[in-house]
Trainee: 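Before we start, here is the structure in question, set down as structure tokens.
Note that these values count all heavy atoms, side chains included, but never hydrogens, waters or copies made by symmetry.
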Amino acid sequence: MKLNMVKNGLKNMAAWIVSMITLAPLLLIVINSLKDKTQASSMGFDLPKQLHFENFLVVIEKGKLLRSLLNSLLYTGVSTILCVLLAAMAAYIYARNRSRWNRFFYYFLILGIAIPINYFTLTKVMQMTHLMNTQIGIIILYAVVQIPFSVFILYGFVGTVPKELDESGIIDGCGPLKLFFSIIFPLLMPAVVTTFILAFINSWNEFLLPLYFLNNAKQWPMTLSVYNFFGQYQMDWNLVSADIVLTCLPAIILYLLGQRYIISGMTSGSVKG
């Protein structure tokens, strides 16, 4: 009994240490975003002598953060919705019809998780399709890049949904789309929310794709705005920290909200099962 208590205590201590190491960079950025220029120059963990919330207003004004925020929300939101819908339908087809061709296409698709992007070829494709330096082009790229991992997650979850539900839906007169969106898709919601959050965060943090394929500064997402802002104000660590905080905030909020939904969805699903 005592040995188990010691093991549990060591596990909890290890979890706390890992959590503190993980949160340390974020805490450092938050603390320095509230300092003045002089105090923030050392980038230390010492608390600010006076809270400077005006740093965030300066960043929003000088860094044109509102415009880049709207761009990021457009690119990330639309591409993530498109990615989740396509990945869910593909995972459902691959999981339900496990023919040789479907297995081949599934494994071929998830190779995209490991194979790096060939930017030379991709640039040629973007030029041929006239999608260079366009918002719809970057939305398509964001969605396509996230689809392999999203299919991989949803594929395993579709296997837990009984096939008898498909048969019942077909007997009741459901077509393929109605069967999927009315019966199957709601049951996939915990996995869909997980996929949505991961795809959203990855797309929100994307840097190279907009750097290569968006030449117009008015179309830049927040990642490029932070990069550009750092180039102009690299000595003002208080402003740079405030810029990073504002950039990370939407993704952190979505993760916290979605985490609660995932836990409740998985709990209710286990009770029903």
Side-chain angles (χ1 to χ4, degrees), residues 69-98 102 105-115 117 122 131 134-162 165-166 169 174-210 213 221-223 248-269:
L69 171 63
L70 295 177
N71 288 336
S72 287
L73 289 175
L74 174 65
Y75 304 152
T76 308
V78 176
S79 66
T80 304
I81 293 172
L82 184 64
C83 165
V84 170
L85 288 176
L86 294 177
M89 289 188 285
Y92 175 68
I93 293 173
Y94 292 147
R96 283 293 192 260
N97 303 307
R98 300 192 178 185
N102 279 349
F105 285 122
Y106 169 70
Y107 288 119
F108 181 78
L109 182 63
I110 64 174
L111 276 176
I113 299 174
I115 296 178
I117 299 174
L122 184 58
L131 293 175
T134 62
Q135 292 182 321
I136 189 172
I138 205 70
I139 288 173
I140 292 173
L141 285 178
Y142 276 17
V144 169
V145 168
Q146 299 303 324
I147 282 177
F149 187 66
S150 300
V151 171
F152 177 74
I153 294 177
L154 292 166
Y155 179 86
F157 202 87
V158 171
T160 64
V161 179
L165 293 175
D166 300 33
C174 292
L177 290 178
K178 186 177 181 181
L179 171 65
F180 178 75
F181 286 106
S182 300
I183 299 175
I184 304 301
F185 193 76
L187 296 175
L188 301 178
M189 199 52 65
V192 166
V193 174
T194 303
T195 304
F196 184 91
I197 292 172
L198 293 176
F200 186 95
I201 293 175
N202 289 335
S203 298
W204 187 271
N205 294 329
E206 182 60 50
F207 178 77
L208 290 179
L209 289 177
F213 302 110
M222 293 191 74
T223 47
C248 297
L249 198 58
I252 293 174
I253 292 173
L254 177 67
Y255 176 78
L256 294 176
L257 294 176
Q259 188 181 38
R260 295 168 58 185
Y261 185 86
I262 293 170
I263 294 172
S264 62
M266 293 181 67
T267 304
S268 62

Trainee: Considering residues at least two apart in sequence or located in another chain, which fulfil the side chain to side chain contact (heavy atoms under 4.5 Å, CB included) criterion with P250?
Mentor: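 L69, W204.
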Trainee: Under a 4.5 Å cut-off applied to non-hydrogen side-chain atoms, are M89 and F181 in contact?
Mentor: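 They are in side-chain contact.
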Trainee: Can you list everything that forms a salt bridge (charged side-chain N to carboxylate O under 4.0 Å, His left out) with R98? Sequence neighbours excluded, please.
Mentor: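 Salt bridge (charged side-chain N to carboxylate O under 4.0 Å, His left out) list for R98, sorted by chain: empty.
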Trainee: For I115, give me all partners under side chain to side chain contact (heavy atoms under 4.5 Å, CB included), at least two apart in sequence or on another chain.
Mentor: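 With sequence neighbours excluded, I115 shows a side chain to side chain contact (heavy atoms under 4.5 Å, CB included) to L111, given in chain and number order.
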Trainee: Would the number of heavy atoms belonging to other residues, nucleotides or ligands and lying under 6.0 Å from CG of L208 be above 12?
Mentor: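 Enclosed.
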Trainee: Using the test side chain to side chain contact (heavy atoms under 4.5 Å, CB included), find all partners of L198 that sit at least two apart in sequence or belong to another chain.
Mentor: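 Counting only residues at least two positions away or on another chain, L198 forms a side chain to side chain contact (heavy atoms under 4.5 Å, CB included) with F149, I153, T194.
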Trainee: Which residues satisfy the ring pair (Phe, Tyr, Trp, His ring centres under 6.0 Å) test with Y75, sequence neighbours excluded?
Mentor: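 Partners of Y75 under the ring pair (Phe, Tyr, Trp, His ring centres under 6.0 Å) test: none.
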Trainee: Which residues pass the side chain to side chain donor-acceptor pair (under 3.5 Å) test with N71, not counting sequence neighbours?
Mentor: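 Scan of N71 (side chain to side chain donor-acceptor pair (under 3.5 Å), adjacent residues dropped) gives none.
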Trainee: Quick one: does I197's side chain get under 4.5 Å of F200's, heavy atoms only?
Mentor: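 SC-SC contact between I197 and F200 ruled out.
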Trainee: Going from CG on L85 to OG1 on T195, what distance comes out if it is rounded to the nearest 0.5 angstrom?
Mentor: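 Here the interatomic distance stands at 11.5 Å.
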Trainee: Any side-chain hydrogen bond (donor to acceptor under 3.5 Å, both in side chains) pairs touching residues 81-95, not counting sequence neighbours?
Mentor: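 Qualifying pairs, neighbours excluded: Y92-D166.
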Trainee: What residues, two or more places apart in sequence or in another chain, satisfy side chain to side chain contact (heavy atoms under 4.5 Å, CB included) together with L187?
Mentor: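 L187 satisfies side chain to side chain contact (heavy atoms under 4.5 Å, CB included) with V161, L165 only.
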Trainee: Provide the full list of side-chain hydrogen bond (donor to acceptor under 3.5 Å, both in side chains) pairs with a residue in residues 137-146, sequence neighbours left out, each pair given once.
Mentor: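 Sorted result for residues 137-146: Q146-N202.
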Trainee: Please tell me if the side chains of F213 and L131 come closer than 4.5 Å, counting only heavy atoms from C-beta onward.
Mentor: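 F213 vs L131: side chains apart.
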Trainee: Applying ring pair (Phe, Tyr, Trp, His ring centres under 6.0 Å), name anything that partners F152, two or more places apart in sequence or on another chain.
Mentor: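 Not a single residue meets the ring pair (Phe, Tyr, Trp, His ring centres under 6.0 Å) criterion with F152.
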Trainee: Calculate, to the nearest 0.5 Å, the distance between atoms CD1 and CG belonging to I136 and L141 respectively.
Mentor: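 If I round to the nearest 0.5 Å, the distance is 11.0 Å.
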Trainee: Scan for salt bridge (Lys or Arg N to Asp or Glu O under 4.0 Å) pairs involving residues 69-79, sequence neighbours excluded, and state none if there are none.
Mentor: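 Every pair satisfying salt bridge (Lys or Arg N to Asp or Glu O under 4.0 Å) with a residue in residues 69-79: there are none.
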